[in-house]
Amino acid sequence: MTRKMFDGPSIASSEITPESVWLNRRNLMKAAATGAVAGGLPALALSQPRELAQLAAKKGDCSGCQAEDDLTPYEDATTYNNFYEFGTDKGDPVEHAHEMTVDPWSVEVSGMVNKPGKLNLEDIMSGFDLEERIYRFRCVEAWSMVVPWIGFPLAELLARFEPTADAKYVAFKTLYRRGEMRGTRSFTSVIDWPYREGLRMDEAMHPLTLMTVGLYGKTLPNQSLDKLRLVYRSKYCFTSIKSIVSVELTDRQPRTSWQELAPQEYGFYSNVNPEVDHPRWSQRYERRLPSSLFKPNRIATQKFNGYGEQVAGLYTGMDLAKYY
Ligand code: MTE
């Protein structure tokens, strides 16, 4: 994983959206969520990010957020990204992710379920009132951002496929399309594609574990966004696999891409833990975007990303320095 100093963020102005625009936007969202707008989902993509940031700020679930956790400006959250399918530089996704065809999008759920199958994204989303599904929380790496995600608990999606009692883990795989993903064709590519991630079943079924379909009110990705993404709130953000097309329930612990690449650095669990240093750097602090060399925005990292009360019980008796 390339980690380097953040060089010069663009700081968005936080203009106030007129209430009429905001209300209109609410109606649009409602209509789109219920399929009343022609084309349904694309209507959501028409919104200006800052309008939706306001919506999220009003409606967002902020458990685990610190009082001073303002939303990260949209520009910062969507131009400084890791999406190795499009290159290893943080600026590559915003430049190249538009080369990926994202419509139609479907996900296949297989393995230890009574009802295996494939669902397209519209069918998945039609079951949720997304206006009520905006979650505001931070994504933590060496840097961090606070994003209003739109999504729903993974458990609600898995329930549709009826997991069997044998299922112990969930294995996720990303879309792999060489022709549209320049990073996978690059000679510097080190990942064994497709990109993979995994969760234990109890982690997957925890209500804090989300499948996200957008952020800042945009349910369709622009060039830098993901299509269907896992977000596990108490883990480091690199576990948050983007562009999922395959979910397999299994009784064997899956290997994740980072674990495979550097097992001494990245484990299966990857819970946010300031007490355990990464072999090459301390994990006590994160740089909240926007942050720059001259104006560093350094804050103390919280264990389990601040969600210890909700999730620590899942790891009782485990040495988290060993099972990192
Ligand atoms: N998902 C896919 N498919 N491919 C990737 O390269 N990178 C991971 C994760 N999800 C990655 C991925 C890493 S290393 C990080 S840090 C986060 O996405 C970055 O999320 P962000 O771009 O929203 O900050």
Side-chain angles (χ1 to χ4, degrees), residues 1-4 6 9 49 71-97 99-100 102 105 107 135-151 171-178 180-186 188-199 210-216 218 221-233 235-247 256-262 265-267 270 272 278 281 283 286-291 301 305:
M1 196 169 338
T2 311
R3 296 181 196 239
K4 57 180 189 183
F6 186 54
L71 287 180
T72 300
Y74 178 82
E75 285 79 359
D76 293 298
T78 57
T79 57
Y80 188 76
N81 300 99
N82 271 345
F83 204 160
Y84 282 71
E85 283 84 337
F86 301 101
T88 52
D89 194 90
K90 301 271 183 290
D92 284 334
V94 70
E95 215 171 301
H96 303 299
E99 291 160 13
M100 164 173 65
V102 295
W105 195 275
V107 58
Y135 303 84
R136 173 176 177 247
F137 55 92
R138 67 175 93 76
C139 199
V140 182
E141 283 293 310
W143 69 96
S144 67
M145 46 181 102
V146 183
V147 169
W149 303 95
I150 300 175
F172 302 89
K173 280 188 199 150
T174 286
L175 178 74
Y176 173 39
R177 213 176 269 150
R178 265 175 78 80
E180 298 179 355
M181 298 173 155
R182 59 180 63 214
T184 66
R185 303 192 299 266
S186 161
T188 57
S189 163
V190 283
I191 291 176
D192 178 19
W193 307 103
Y195 191 95
R196 276 159 292 136
E197 195 43 68
L199 289 177
L210 300 183
M211 283 303 250
T212 57
V213 291
L215 62 172
Y216 296 89
K218 295 170 88 71
N222 67 4
Q223 67 277 21
S224 74
L225 306 185
D226 45 283
K227 192 68 180 171
L228 187 61
R229 176 177 186 171
L230 173 79
V231 179
Y232 190 88
R233 292 196 228 182
K235 298 194 182 217
Y236 286 110
C237 195
F238 67 80
T239 62
S240 136
I241 179 173
K242 303 174 177 182
S243 301
I244 296 167
V245 291
S246 157
V247 177
T256 73
S257 287
W258 289 111
Q259 211 184 354
E260 211 149 72
L261 203 60
E265 301 191 5
Y266 303 103
S270 306
V272 175
H278 182 280
W281 55 79
Q283 309 213 97
E286 64 207 53
R287 283 175 299 110
R288 173 66 47 82
L289 303 185
S291 167
T301 293
N305 199 15

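All ligand and atom numbering here is 1-based and tracks the order in the structure. By convention here, the first residue in the shown sequence is residue 1.
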Sub-6.0 Å ring centroid separation between Y84 and Y195 = no

Numbered atoms of ligand 1 (with element) below 4.0 Å of [X], judged on heavy atoms:
| X | answer |
| --- | --- |
| T174 | 3 (N) |
| I241 | 1 (N), 10 (N) |
| E85 | 2 (C), 3 (N), 4 (N), 5 (C), 6 (O) |
| E141 | 16 (S) |

Please classify the [X] to ligand 1 contact at 4.0 Å (heavy-atom distances, strictly less than): side chain, backbone, both or neither.
| X | result |
| --- | --- |
| Y236 | neither |
| K242 | both |
| Y195 | side chain |

Rounded to the nearest 0.5 Å, how far does CZ of F238 lie from OG1 of T256?
->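 The distance works out to 7.0 Å.
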
Could you tell me whether some N/O pair between [X] and ligand 1 is separated by less than 3.5 angstrom?
| X | value |
| --- | --- |
| N81 | yes |
| Y84 | yes |
| S240 | yes |

Closer than 4.0 angstrom: is that true for some heavy atom of [X] and an atom of ligand 1?
| X | result |
| --- | --- |
| S243 | no |
| M145 | yes |
| R229 | yes |
| C139 | no |

Would you confirm whether S270, through its side chain, and G267, through its main-chain N or O, come within 3.5 Å as a donor-acceptor pair?
->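 Here the side-chain-to-backbone pair exists.
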
Polar side-chain atom of W193 near backbone of L175 as donor-acceptor pair, under 3.5 Å |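 Not a single qualifying donor-acceptor pair exists.
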
Answer yes or no: is there an ion pair linking K242 with E85, defined by an N-O contact shorter than 4.0 Å?
->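 Salt bridge flag = no for E85 with K242.
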
Quick one: do K90 and N81 satisfy side-chain hydrogen bond (donor to acceptor under 3.5 Å, both in side chains)? Show the steps, please.
-> CA-CA 5 Å; K90 301 271 183 290; N81 300 99; over 6 Å; no

Sequence neighbours left out, what passes salt bridge (Lys or Arg N to Asp or Glu O under 4.0 Å) with R182? Give chain and number order.
->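 For R182, the residues satisfying salt bridge (Lys or Arg N to Asp or Glu O under 4.0 Å) (neighbours in sequence not counted) are E99.
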
Residues forming a salt bridge (Lys or Arg N to Asp or Glu O under 4.0 Å) with R178, sequence neighbours excluded =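 R178: no salt bridge (Lys or Arg N to Asp or Glu O under 4.0 Å) contacts found.
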
Judged by modelled atom types alone, do S240 and R229 share a side-chain donor-acceptor pair under 3.5 Å?
-> yes

Under the side-chain hydrogen bond (donor to acceptor under 3.5 Å, both in side chains) rule, what do Y236 and Q283 come out as? Steps first, then yes or no, please.
-> CA-CA 11 Å; Y236 286 110; Q283 309 213 97; 3.1 Å; yes

Min over N82, L215, I191 of heavy-atom distance to atom 16 (S) of ligand 1 lands on N82

